[in-house]
Participant: 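Dropping the structure in here first, questions after.
These values consider heavy atoms only, across backbone and side chains, with no hydrogens, waters or symmetry-generated copies. Here is the naming used below: chain letters follow the sequence lines, and residue numbers restart at 1 for every chain.
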Number of protein chains: 2
Amino acid sequence: MVSQHTSRGPAPHGHVTLAQVAQRAGVSAQSVSNALNNPDRVAPETRKRILAAVAELGYEPNLSARALRNRSSSLIAFKMRPSRPDKASLLMDDFLYALNAAAVEAGYHLILCHAEDGQAGEIKAYRDLLKKTSIDAFILAETHRNDDRVAALRSWGVPFASFGRSWDGDDSLAWVDVDGRAGTRAATEHVAAQGHRRIGHIGWPAESELGQERREGWLEACRQRDLETDLQAAVVDSLEAGRQAAHRMLDSSRPATALVCASDTLALGVMRALHERGLRPGVDVAITGYDDSPTAALVSPGLTTLRQPIDEVGRHLIQAVDRLMAGDTRDPQHVLLEPELIVRGSSLPGPRTREP
Amino acid sequence: MVSQHTSRGPAPHGHVTLAQVAQRAGVSAQSVSNALNNPDRVAPETRKRILAAVAELGYEPNLSARALRNRSSSLIAFKMRPSRPDKASLLMDDFLYALNAAAVEAGYHLILCHAEDGQAGEIKAYRDLLKKTSIDAFILAETHRNDDRVAALRSWGVPFASFGRSWDGDDSLAWVDVDGRAGTRAATEHVAAQGHRRIGHIGWPAESELGQERREGWLEACRQRDLETDLQAAVVDSLEAGRQAAHRMLDSSRPATALVCASDTLALGVMRALHERGLRPGVDVAITGYDDSPTAALVSPGLTTLRQPIDEVGRHLIQAVDRLMAGDTRDPQHVLLEPELIVRGSSLPGPRTREP
DNA sequence: GCCAATCTTTTTAACGTTAAATCCCAGGAG
DNA sequence: CTCCTGGGATTTAACGTTAAAAAGATTGGC
């Protein structure tokens, strides 16, 4: 079906041009352009004839020419970050896939940025890219308070949206985010429902808005059930940090029986600590993570965690910039999505292991 | 340093054009173009003046205009695949990052494709993209015997290179690959050096050229040391399949004491099986994986595995298409890189756990 | 001091598209 | 019958770049 008649047109490079379609339909090139872009400027009868010719020749508008003429390339740029070895692949892979799918769906293409790490380098990369390619929009990830990138993009007047809230309470920023507070609350309530009363939290330092958000979810859930909230740690996001924090909380005089973590990486550190103490995840101590990284499903027992609705995130981000590009800047999109609790063995008391 | 003088030029959209530089330097636009692209066609003195003007105005050539004129966009396209939930993120993330870094380094940009799964959909996506954007080159991943994509791209005369060998012995294909045979051999020799004599292999079905390659590495190492090779399994790449295969090999009358796997996913399945039997990875049974997925470093004990030199792969792929674009088609690049054995606890006999 | 040969620079045209201006023609008002 | 109106088409010009052709400047030979 697809590849039966690949080379029907006589064009040299497989390119069919507007002029060729025009000739075929017996009209001017401009009329073809109009027929496609401003349907009501051309008589219905003519339009039909033109569309037939378009279909017949398999015409596709040349994006370079369009970009040149319109100063708009239908390209959306995104900068990847190198994945850190210690981290459980922060779902960049899936995010990128989802974002690209949504972009293509909406008639755009995703182009990747590259920059030295650090704000300055990233901003420079954006500017260079803008200078030479008339990028239509940018997608940012992991924005934080007083983000220079936001300031820069805004000062240039380029449409952009962010995966991650504006923590400055800046309503003019379009963002899509996942509700870490609700997610962590759900995880905490889940382990509480298993009968746990000493529920600790291992999260990130207070500078991290995201971490703060997640910690508050845990706090809320604990307070609502009159549970103590003395077992908490604020550490960097690494397996080793999680491991050490877990040991501390288990060495306590009234040790934790459940540990709610701000990331899968930390939760895996907890699992390692349990392993070292000969304790069984789920059976002896309940553990929950956050992100549903691939690892979460692969460890034994599986790690209970929160899955971000990443497809939705992608779709909404594209929709947000799409709207901005259409000139609708009066009411930037703010979308807060709910993560989904994925329950696995690490938080269930059921027997998971055969004793030797 | 970077953002101090962002808006120096008087241009409306921040775009500096060739004509503006020309005027500044007191020459024609063409001379500026020449000074940048054909340095020897312009007198040294003039060139100096022009370059000064270029630097002063911060001129960057407009890629859309170039693309239109030259039929070449300096874009390289790559199609992502959705990550399967069960698989330990097959390093797509890192690969993409490395590929993009190399592309930017070489003056290109990476653009992402999107297509329905399946060969036909992918080919159609390539053709559409080609039709409307004059992509310079394509990068393929996971090519296999009789790959339709290879045939299609070749028939269109587009430069492309593949991450993964041509298994048809087709020398005209430019590829970069990692030597799975050598890698698996190294892993096998490593466990043999720990004193293991019953070394099993869990790999993929014979249809998979990649799997076949890895299996042969194990076979070679075993034969060289006169070890039996009866313990082998060919299964799909999933944790569950690895788990079941491991159980079979441990239920054998002369059970395996070491298991060499074709992927981290399979190896994690083995770890789960051991866990179910109350056996300790490393101590009781040695395990090795393949890919050094993020998970490998995060499980307890860490998983011994093979790391693909992904940065190198990216660099060589870009170099390969770069060369093809320069018209040098007579001698397509074939690059076979060595993976690196990463030794972790899963293959070491040392005590890894504190008994309760 | 004149012509040819060479080196350097400018002019012209084109890549494919589209906004803006222009042209054309049927139908209605005066 | 002329003039105006306006929908519907076409022409013009421009987006920024570069290959090719043309023009201009410089040098050397005789």
Side-chain angles (χ1 to χ4, degrees), chain A residues 9 11-51 53-54 57-74 107 130-136, chain B residues 9 11-51 53-54 57-74 107 130-136:
Chain A
H13 259 289
H15 283 172
V16 180
T17 126
L18 213 47
Q20 294 176 31
V21 179
Q23 183 171 23
R24 188 95 168 72
V27 297
S28 72
Q30 182 62 46
S31 288
V32 180
S33 172
N34 281 337
L36 295 172
N37 304 324
N38 308 80
D40 39 345
R41 272 193 219 162
V42 40
E45 196 53 39
T46 326
R47 182 167 141 75
K48 224 173 95 188
R49 210 166 68 241
I50 292 176
L51 291 186
V54 164
L57 297 178
Y59 167 76
E60 295 275 352
N62 180 316
L63 292 187
S64 304
R66 255 196 194 163
L68 180 57
R69 174 68 234 218
N70 294 347
R71 299 171 179 289
S72 137
S73 57
S74 54
L130 257 181
K131 238 175 168 173
K132 49 178 135 182
T133 64
S134 59
I135 295 291
D136 279 356
Chain B
H13 260 288
H15 284 172
V16 181
T17 128
L18 212 46
Q20 293 175 33
V21 179
Q23 184 173 21
R24 188 97 170 71
V27 296
S28 72
Q30 180 64 45
S31 288
V32 180
S33 172
N34 281 338
L36 294 172
N37 304 324
N38 309 80
D40 40 344
R41 270 192 221 162
V42 38
E45 197 54 38
T46 325
R47 182 168 140 75
K48 223 173 95 188
R49 211 168 65 242
I50 292 176
L51 291 186
V54 164
L57 297 178
Y59 167 76
E60 295 276 353
N62 180 316
L63 292 186
S64 304
R66 254 197 194 162
L68 180 58
R69 174 70 231 219
N70 294 347
R71 298 172 178 290
S72 136
S73 57
S74 54
L130 211 51
K131 235 175 168 175
K132 50 177 135 180
T133 63
S134 60
I135 294 291
D136 279 356

Participant: Of all the nucleotides listed (D:dT17, C:dC15, C:dT18), which has the minimum atom distance to the side chain of B:Leu68?
Facilitator: C:dC15
Participant: Taking the side chain of B:Ser33 as its heavy atoms from C-beta onward, which of C:dC15, D:dT18, D:dT10 lies nearest to it?
Facilitator: D:dT18
Participant: Counting side-chain heavy atoms from CB outward, which of D:dT17, C:dT18, C:dT9 is closest to B:Arg69?
Facilitator: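 Nearest nucleotide to the side chain: D:dT17.
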Participant: Looking at D:dT17, C:dT18, C:dT17, which one has an atom nearest to any side-chain atom of A:Thr17?
Facilitator: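 Nearest to the side chain of A:Thr17 among the choices is C:dT17.
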Participant: If you draw a 6.0 Å radius around CZ in B:Arg24, do more than 12 non-hydrogen atoms from other residues or ligands fall strictly inside?
Facilitator: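 No.
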Participant: Could you check whether atom CD of B:Gln23 has more than 12 heavy atoms from other residues, nucleotides or ligands sitting under 6.0 Å from it?
Facilitator: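 Count not over threshold, so no.
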Participant: Within the pair B:Arg41 and C:dC7, is there a side-chain N or O less than 4.0 Å away from OP1 or OP2?
Facilitator: no
Participant: Using the side-chain heavy atoms of A:Ala43, tell me which of these nucleotides is nearest: D:dG16, C:dT17, D:dG8.
Facilitator: D:dG8
Participant: So A:Leu51 and A:Leu36, do their side chains get closer than 4.5 Å, heavy atoms only?
Facilitator: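 In contact.
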Participant: On DNA chain D, compare the nucleotides closest to A:Asn70 and A:Ser31; which residue's is nearer the 5' end?
Facilitator: A:Ser31
Participant: Reckon A:Arg66 has a side-chain N or O less than 4.0 Å from the OP1 or OP2 of D:dC15?
Facilitator: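 It does not, given that no N or O in the side chain of A:Arg66 lies less than 4.0 Å from OP1 or OP2 of D:dC15.
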Participant: Are any of the side-chain heavy atoms of B:Ser73 and B:Asp136 separated by less than 4.5 Å?
Facilitator: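 Touching, per the 4.5 Å side-chain cut-off.
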Participant: Looking at the side chain of B:Thr46, which of C:dT9, D:dT10, C:dT10 is the nearest nucleotide?
Facilitator: C:dT9
Participant: Checking only heavy atoms, does the side chain of B:Gln30 share a donor-acceptor pair with the base of D:dA19 at less than 3.5 Å?
Facilitator: yes
Participant: Could you check which of C:dC15, C:dT18, D:dT10 has an atom nearest any side-chain atom of A:Val27?
Facilitator: D:dT10
Participant: Are A:Asn37 and C:dT18 close enough that a side-chain N or O sits under 4.0 Å from OP1 or OP2?
Facilitator: yes
Participant: From the options D:dT17, C:dT11, C:dT17, select the nucleotide whose nearest atom is closest to the side chain of B:Asn62.
Facilitator: D:dT17
